[in-house]
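Lettering follows sequence order; numbering is per chain, from 1. Keep in mind the model is a prediction, meaning the values are calculated, not measured.
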Protein chains: 2
Amino acid sequence: MTGRTRVGSPRLGRRAGDSGTRDAILAAARSRFAEHGYDRATIRSIAADAGVDPALVHHFYGSKERLFAAAMRLPVVPGDVVATALAPGGRDPGTGLGEHMVRTFVGIWDHADLRAPFFGLLRSALTSAQAAEMLSEFVSQTILAPIAAATGAADAEYRAAMVASQVVGLALTRYVLALGPVAAASSDDLSATIGPTLDRYLTAPDLRDRGGSSGIITENPPQS
Amino acid sequence: MTGRTRVGSPRLGRRAGDSGTRDAILAAARSRFAEHGYDRATIRSIAADAGVDPALVHHFYGSKERLFAAAMRLPVVPGDVVATALAPGGRDPGTGLGEHMVRTFVGIWDHADLRAPFFGLLRSALTSAQAAEMLSEFVSQTILAPIAAATGAADAEYRAAMVASQVVGLALTRYVLALGPVAAASSDDLSATIGPTLDRYLTAPDLRDRGGSSGIITENPPQS
């Protein structure tokens, strides 16, 4: 926006300049995301704050999601993990989607350095309503939206959010609270136990009907 | 332990003295719990730190759980909520245990002042491994143990912990992240959706077997 560009061209490979420019972009991104949230922060505004051309930000980071991941020092891009977890070709025959998702997430989170930045964001969310809103918007756009799109159901957002409720709780009880039996469980056990929950949230036809969709026949409540 | 007692007798109803003694006990409790965890902190040691007789701590607070709840300024005692949630006589005919548990928890958490101290503990747990251990021990002793006892299953601790993984995740996604569809959902929707998950975690015979217990017939994986 300002036309004040600090580097000539990133293609020249001026590494010292690149590094300074990247730092300026990431600092601007952190401020913008924190102040305006994920949805309202734009690459254009971040580029303006950093004094560079928006095309340079696109060139360095490719997308707002990847810029956010870099700014928040996430070692993996959550959307990439979700894409892996949802990939039909990525799972063994006979493995349900829910089971495959649990296995994928646990496989990453079991590495302390891969999960630490995620819990940093969660800690900020517990401290500041603004940080919570930023994280909520990021999770909705980059994690829930692709899961919702994969279900194709009318209430896809509700279903994806229910998946998130179980997956986030697994992360907290296994790694933060480290509740004995959850922390000690194998990936096989967790995916066998929790996978069917996610499958039900994603595909059961009567997810909000009482007495339905559990696979267990229950008596109807009296109409009172 | 020290014999250094700052009040004569609580039965005399000396309110100013009581209040000062209670403050001293709660301050000693907060230090002990933070430093030694929930399991290893004893009423005896807390009384010694506060310079009062252990009997006085019992007289004021009744149990370690209630002392912890008072020290952490929890407006409800979690064990009381769990007892309510598990009470067979407390639910309408036709209401499953899982549904009733979700309804009970959401009914309390929907009051911001009732849930705030809980999230304070969670924030501490995300900040300090020591605080996480204290919270984990408290949750295991006062929330998971009664749930596990209610199942009567061989792997009751695993089942109770799985219930916790879903319930904690519901709290985080509804109230902290406030993910749109979880935050907007009614108690009816949430209990209908999540109740059967908790029922399955508590009662399904084959919780850790692949392809079992989901209530959905799945093809057997090829033996490779």
Could you tell me which portion of [X] (side chain, backbone, both or neither) has an atom closer than 4.5 angstrom to a non-hydrogen atom of chain A?
X: Ala178(B); answer: backbone
X: Leu144(B); answer: side chain
X: Leu179(B); answer: both
X: Tyr175(B); answer: neither
X: Val139(B); answer: side chain

Backbone N/O of Thr197(A) and side chain of Thr197(B): donor-acceptor pair under 3.5 Å: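 Between the backbone of Thr197(A) and the side chain of Thr197(B) there is no qualifying donor-acceptor contact (under 3.5 Å).
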Within residues 151-170 of chain B or reaching into it, pairs that qualify as ring-ring contact (aromatic ring centres under 6.0 Å, His included) - sequence neighbours excluded: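 The answer is none; no pair qualifies.
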Chain B contact via Ser136(A) - side chain, backbone, both or neither, heavy atoms under 4.5 Å: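 Its backbone and side chain both get close to chain B.
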Salt bridge (Lys or Arg N to Asp or Glu O under 4.0 Å): pairs with one or both residues in residues 176-193 of chain A, sequence neighbours excluded: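 Of all non-adjacent pairs touching residues 176-193 of chain A, those that pass salt bridge (Lys or Arg N to Asp or Glu O under 4.0 Å) are Arg103(A)-Asp188(A), Asp189(A)-Arg208(B).
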When Val176(B), Asp155(B), Leu135(B), Val168(B) are compared by non-hydrogen pairs under 4.5 Å with chain A, the top option: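 Counting heavy-atom pairs under 4.5 Å, the top option is Val176(B).
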Tyr201(A) vs Ile194(B) side-chain heavy atoms within contact, under 4.5 Å: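 Side chain of Tyr201(A) against side chain of Ile194(B), heavy atoms only: contact under 4.5 Å found.
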Residues from residues 109-127 of chain A approaching chain B under 4.5 Å (heavy atoms):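 Contacts with chain B: Phe119(A), Leu122(A), Arg123(A), Ala125(A), Leu126(A), Thr127(A).
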Interface residues of residues 61-87 of chain B facing chain A - heavy atom cut-off under 4.5 Å: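 Within residues 61-87 of chain B, no residue comes under 4.5 Å of chain A, counting heavy atoms only.
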Top contributor to chain B interface from Met134(A), Met162(A), Glu133(A), Arg174(A) [non-hydrogen pairs under 4.5 Å]: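 The answer is Met162(A).
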Any side-chain donor near an acceptor of the partner, Gln166(B) and Ser165(A), under 3.5 Å: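 Note: Gln166(B) and Ser165(A) side chains meet the donor-acceptor criterion.
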Minimum heavy-atom distance Ala192(A)-Arg200(B), with the two atoms named: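 Residues Ala192(A) and Arg200(B), closest heavy atoms: O-NH2, 3.5 Å.
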